[in-house]
Amino acid sequence: FDRKSGARTRALFFLNNRMSHQPAKRLKMAGASVEVAQKCISNIRLLSAETVQAAKSGHPGAPMGCAPMAHVLWSEIMKYCPEEPKWPSRDRFVLSNGHACALQYTMLHLTGYGLTIEDLKKFRQVGSITPGHPEVGVTAGVEVCTGPLGQGISNAVGLALAESHLAAQFNRPGYNVIDNYTYVICGDGCLQEGVSAEACSLAGTLGLGKLIVLYDDNHIQIDGSTDLAFTEDVAKRYEAYNWHVQIVDDGDSADVSSMRAAIKAAQEETERPSIIKIRTTIGFGAAKQGTAGVHGAPIGDEDIAKLKGEWGFNPEAKFFVDPEVADVYDKCRIEGKKEFDSWNAMFAKYKENYPAEAAEFERTQAGLLPEGWEATLPTFTAADAAQPTRQLSQGVLKNIVPAIPELVGGSADLTGSNLTKVPGNEVDFSKADRTGKYIRFGVREHGMCAVANGMAAYGGIIPFTSTFVVFAGYALGAMRLSALSHFRVLYVFTHDTIGLGEDGPTHQPIETMVHLRSIPNFLVLRPADGNEVSGAYKLALENAHGPSFIAFSRQGVPQLAGTSVAAVAQGAYILQDEADAKVILVGTGTEVALCVDAAAALKAAGCPARVVSMPCWSLFDAQTAEYRESVFPAGAPILSVEALSSIGWEKYAHAHVSMKTFGGSGKGPALMEHFGFTVANVVDKATKLVQFYDGAPAPSLVRPEL
């Protein structure tokens, strides 16, 4: 039932009689006969089971249970065009329970996305386009990486948010350039994960009415019955989130009229996102149906052959698609192409009537930055005033947000600390104003980052998120998927070391950067001054195929002689040098200025030192061996200085001034002194390092890439 209105939806034929005479939005066909639908659903179940069986690995249960949902979505509801899989106004589909991906691959095969029977047979094999969980960029028709439960439904919130924002920005009377729904299939596990609670709460607050979730309520998870760990009333919880809630009891049936009617009602609800709780049987038809035995293991060739016979298929025919089933989905493909052609013709007229808007739409959809935006990046000299790098970040945002209108994002309830609200994003994105470019994510760090992934996946938006660096620990699951997905997401995080001061060790990151720096395809930048802040933003915005994390300080830093916007791209560079340097000091962020001051003291003591600024490890690692050796030549010992863990620095330095414990509570300068981040201590450690080698050359740490 719809818990808000009290309207019953449990009975098969009685959902909202007053609507039954109205055609549902975007129904591709009036609905095949129950007999044809049964054949389609059975074929989906068998193909999915055979796909898992061929790999001798995977999850057949959810695909077999969710087959009726998939059939009604792909054959009647969704707007898509396999020939144009990146059509901007297509409906988005997210399989949040990504372990059920044999279902999605089956549907992509049936609807003509170029995924062949041979691809199904190569499920979970090296180099195949049918990996063990859906991966965006690997398989056409997959919008986001799913598998880590809760991420997909949270990404879907971002997809729906992006649709709403871009529609408000670009649509004009008679020209719906952006107009689509986001559909999700999710399972119990997705709704148990905290990230989905964060994102879905936000979706209800924002009233994302074009988000429709089909919840596979099969009562089974890997350990057994969901009663072991999950007894809450999901419908009541989502009602409390301000979602439109319906329940369908006959999710196994080939008569999909109740499911169709529930989706239709969800489409009609424009003020709230919708969730439809659909009762299904996991592994429908299999010998172990309804048990955990079909969750994560193939059902066996014998069981598949038995089902084929019971369902009217040849038990000996492998990976068979019935011609009548193929015809159903081929008609859907043809209809989708017609819808795309109609949109394309509309967009051609839009370009004639709104040329500036059309040009901007095409630019942002292509992922191109506006011409000349780099000229807005501020530059500094050593005569300029000292500032915290978070304030320098704010200065950059003041310039680039108006220059790059697709830059949309916000903070996890730390706007005044992160300094991310600037001219150009004064208006909040809300139910009242979808054109707003600033998102109040609330205290939902993980949800924020997962939503940003969905925004990036939609296209036409460069999302940014912000909180304290230490709270990246809450969001690492989503951050990792940003990198795996090659999404351009900006992580604008502040309060980067013990220098933040009084909040104490609960808020002071020590190990956080070690984890972030270890993520592949994940730029981590810690700028030292204003020029490096501008350089970090330049790299992040130009990094079109991956996320970037920029760590900013609460405490002030001087503008340093020798820094530049361009130098940041090298990852590390010589900031100051001395002939016959006896030691090299290398630092990041706020500690670079400390290295500069320590080098001056060392020089006065007769120990000349080179100073290297290293804003990004991975960019330095990407340089040639010759360049890396020119920065860190063999012979001179290297001392790293960073008020974080030293793990990882052994690649670059022979010794370290670093954090070996958690921080403490106190004034930032007092903490820096207490933990040894002083000129005197750096000089002492550098002197001892030189003495350790006692005139012998220190070994080169530059290693060949084999």
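Hydrogens, waters and symmetry mates are skipped; everything else that's a heavy atom, side chains included, is used.
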- Message: Would His165 and Ile461 count as a side-chain contact (heavy atoms from CB on, under 4.5 Å) here? Give the steps.
- Response: CA-CA 9 Å; His165 174 71; Ile461 288 177; 4.0 Å; yes
- Give a yes/no verdict on a cation-pi contact between Arg480 and Phe522, requiring under 6.0 Å between NZ or CZ and the six-membered ring centre and an angle within 45° of the axis. no
- Scan side-chain atoms only and decide if Ser274 and Gln246 contain a donor-acceptor pair under the 3.5 Å cut-off. no
Side chains of residues 394-407: which donor-acceptor pairs under 3.5 Å do they make with residues two or more places apart or in other chains?
from: Asn399; atom 1: ND2; to: Thr376; atom 2: O; distance (Å): 2.7
from: Glu406; atom 1: OE1; to: Arg363; atom 2: NH2; distance (Å): 2.9
from: Glu406; atom 1: OE2; to: Arg363; atom 2: NH1; distance (Å): 2.8

- Is Glu239 salt-bridged to Lys277, going by a charged N under 4.0 Å from an acidic O? no
- Message: Using side-chain heavy atoms (C-beta onward) and a distance below 4.5 Å, is Met659 in contact with Ser645?
- Response: no
- Query: Just checking, any donor-acceptor pair under 3.5 angstrom between side chains of Glu642 and Thr588?
  - Reply: yes
Donor-acceptor pairs are to be reported for all side-chain atoms of residues 665-674 against protein atoms at under 3.5 Å, with residues two or more places apart or in another chain.
from: Ser665; atom 1: OG; to: Glu502; atom 2: O; distance (Å): 2.9
from: Lys667; atom 1: NZ; to: Glu502; atom 2: OE2; distance (Å): 3.0

- Please confirm whether the backbone N or O of Ser430 pairs with a side-chain atom of Arg434, one donor and one acceptor, at under 3.5 Å? yes
- Item | Validation row, ring centre Phe493 to ring centre Phe549 under 6.0 Å | yes
- Query: Does any non-hydrogen side-chain atom of Leu73 lie less than 4.5 Å from one of Ile263?
  - Reply: yes
- Side chains of Gln508 and Val470 in contact at under 4.5 Å (non-hydrogen atoms): no
- Task: Might you point out which heavy atoms bring Ala266 and Ile212 nearest each other, and give the distance in Å?
- Result: CB-CD1, 3.8 Å
- Pro148 and Leu481 have their tightest heavy-atom pair at CG-CD1, 4.1 Å
- Item | Side-chain (Trp243) to main-chain (Ser201) donor-acceptor, under 3.5 angstrom | no
- Please check if any side-chain donor atom of Tyr537 sits under 3.5 Å from a side-chain acceptor atom of Ser393, or the reverse. yes
- Message: Does Phe662, at its CZ atom, have more than 12 non-hydrogen atoms belonging to other residues, nucleotides or ligands within less than 6.0 Å?
- Response: no
- Query: Between the side chains of Asp216 and Asn218, is a donor N or O closer than 3.5 angstrom to an acceptor N or O?
  - Reply: yes
- Message: Name the residue from Ile439, Val489, Leu166 that meets the side chain to side chain contact (heavy atoms under 4.5 Å, CB included) definition with Met455.
- Response: Ile439
- Task: Assert yes or no for the condition that the ring centre distance of His545 to Phe487 is strictly below 6.0 Å.
- Result: no
- Over all heavy atoms of both residues, which pair between His133 and Gly147 is shortest? Give the atoms and the distance, please. CD2-CA, 3.4 Å
- Taking only residues two or more places apart in sequence, or in another chain, which ones meet Phe429 in a ring-ring contact (aromatic ring centres under 6.0 Å, His included)? none
- Query: Is Ser485 reaching over with its side chain to a backbone N or O of Ser482, donor-acceptor style, under 3.5 angstrom?
  - Reply: no
- Query: If you measure only the distance, is there a donor-acceptor pair under 3.5 Å linking the side chains of Ser553 and Thr389?
  - Reply: yes
- Query: Going by atom types alone, do Thr497 and Arg554 pair a side-chain donor with an acceptor below 3.5 Å?
  - Reply: no
- Taking Asp217 for the side chain and Val248 for the main chain, is one N or O donor matched with an acceptor at less than 3.5 Å? no
- Would you say the ring centroid of Phe93 lies under 6.0 angstrom from that of Tyr183? no
- Are the side chain of Gln104 and the backbone of Pro134 linked by a donor-acceptor contact shorter than 3.5 Å? no
- Test side-chain hydrogen bond (donor to acceptor under 3.5 Å, both in side chains) on Tyr491 and Thr467 and set out the steps. CA-CA 8 Å; Tyr491 295 102; Thr467 184; over 6 Å; no
- Kindly determine whether His446 and Gln151 satisfy side-chain hydrogen bond (donor to acceptor under 3.5 Å, both in side chains), including the steps that lead there. CA-CA 9 Å; His446 198 180; Gln151 295 291 336; 2.9 Å; yes
- Tyr474 atom OH: more than 12 heavy-atom contacts under 6.0 Å: no
- Message: Taking the six-membered ring of Trp617 as reference, does the cationic atom of Arg517 (NZ for Lys, CZ for Arg) lie under 6.0 Å from its centre and within 45° of its axis?
- Response: yes
- Item | Side-chain donor or acceptor of Asp233 paired with backbone N/O of Ala235 under 3.5 Å | yes
- So does Glu426 pair up with Lys421, basic N to acidic O under 4.0 Å? no
- Query: Can any side-chain N or O of Ser164 pair as donor or acceptor with the backbone N or O of Ala160 at less than 3.5 Å?
  - Reply: no
- Query: Taking C-beta and beyond as the side chain, do Ser411 and Phe441 meet within less than 4.5 Å on heavy atoms?
  - Reply: no
- Task: May I ask you to decide if the ring planes of Tyr241 and Tyr238 are parallel, tilted or perpendicular, using 30° and 60° as cut-offs?
- Result: perpendicular
- Task: Answer yes if the side chains of Asp227 and His219 hold a donor-acceptor pair under 3.5 Å, and no otherwise.
- Result: no
- Do the side chain of Ser466 and the main chain of Val492 share a donor and acceptor less than 3.5 angstrom apart? yes
- Message: Can a donor-acceptor pair be found, under 3.5 Å and without considering hydrogens, that links the side chain of Glu163 to the backbone of Asn180?
- Response: yes
- Message: I'd like to know if Lys210 pairs up with Asp179 as an ion pair, taking the criterion as any Lys NZ or Arg NE/NH1/NH2 lying under 4.0 Å from an Asp or Glu carboxylate oxygen.
- Response: yes
- Item | side-chain contact (heavy atoms from CB on, under 4.5 Å) evaluation trace for Ile278 with Tyr215 | CA-CA 6 Å; Ile278 303 174; Tyr215 162 35; over 6 Å; no
- Task: Would you check if there is a donor-acceptor pair between the side chains of Asn418 and Thr494 at a distance under 3.5 Å?
- Result: yes
- Task: Could you tell me whether Lys86 and Glu143 make a salt bridge, using a distance below 4.0 angstrom between a side-chain N and a carboxylate O?
- Result: no
- Item | Steps toward side-chain hydrogen bond (donor to acceptor under 3.5 Å, both in side chains) verdict (Thr590, Arg526) | CA-CA 9 Å; Thr590 50; Arg526 189 167 178 246; 3.0 Å; yes
- Query: Is the backbone of Leu541 close enough, under 3.5 Å, to the side chain of Arg488 for a donor and an acceptor to pair up by distance?
  - Reply: yes
- Query: Using 30° and 60° as the class limits, which term best fits the ring planes of His59 and His295: parallel, tilted or perpendicular?
  - Reply: perpendicular
- Between Cys616 and Val524 the two heavy atoms that sit nearest each other are SG-O, 3.3 Å
- Message: Distance alone, cut at 3.5 Å: any donor-acceptor contact between the side chains of Asn543 and Ser548?
- Response: yes
- Message: Less than 3.5 Å apart, any donor N or O on the side chain of Arg92 or Thr182 sitting next to an acceptor on the other?
- Response: no
- Message: Before you tell me yes or no, could you show the steps for Leu476 and Glu445 under side-chain contact (heavy atoms from CB on, under 4.5 Å), namely the whole-Å CA-CA distance, both residues' side-chain angles and the distance that decides it to 0.1 Å?
- Response: CA-CA 10 Å; Leu476 283 166; Glu445 292 87 359; over 6 Å; no
- Message: Test salt bridge (Lys or Arg N to Asp or Glu O under 4.0 Å) on Arg237 and Glu232; report intermediate values, then the result.
- Response: CA-CA 8 Å; Arg237 173 156 66 98; Glu232 68 192 46; 2.5 Å; yes
- Task: Using the side-chain hydrogen bond (donor to acceptor under 3.5 Å, both in side chains) rule, take Gln192 and Gln221 through it: C-alpha gap first, then chi angles, then the decisive distance, then the call.
- Result: CA-CA 11 Å; Gln192 290 174 37; Gln221 54 194 77; 2.8 Å; yes
- Note on the structure: Closest non-hydrogen atoms of Val565 and Ser534, given as atom of the first, atom of the second and distance, are CG2-CB, 3.8 Å
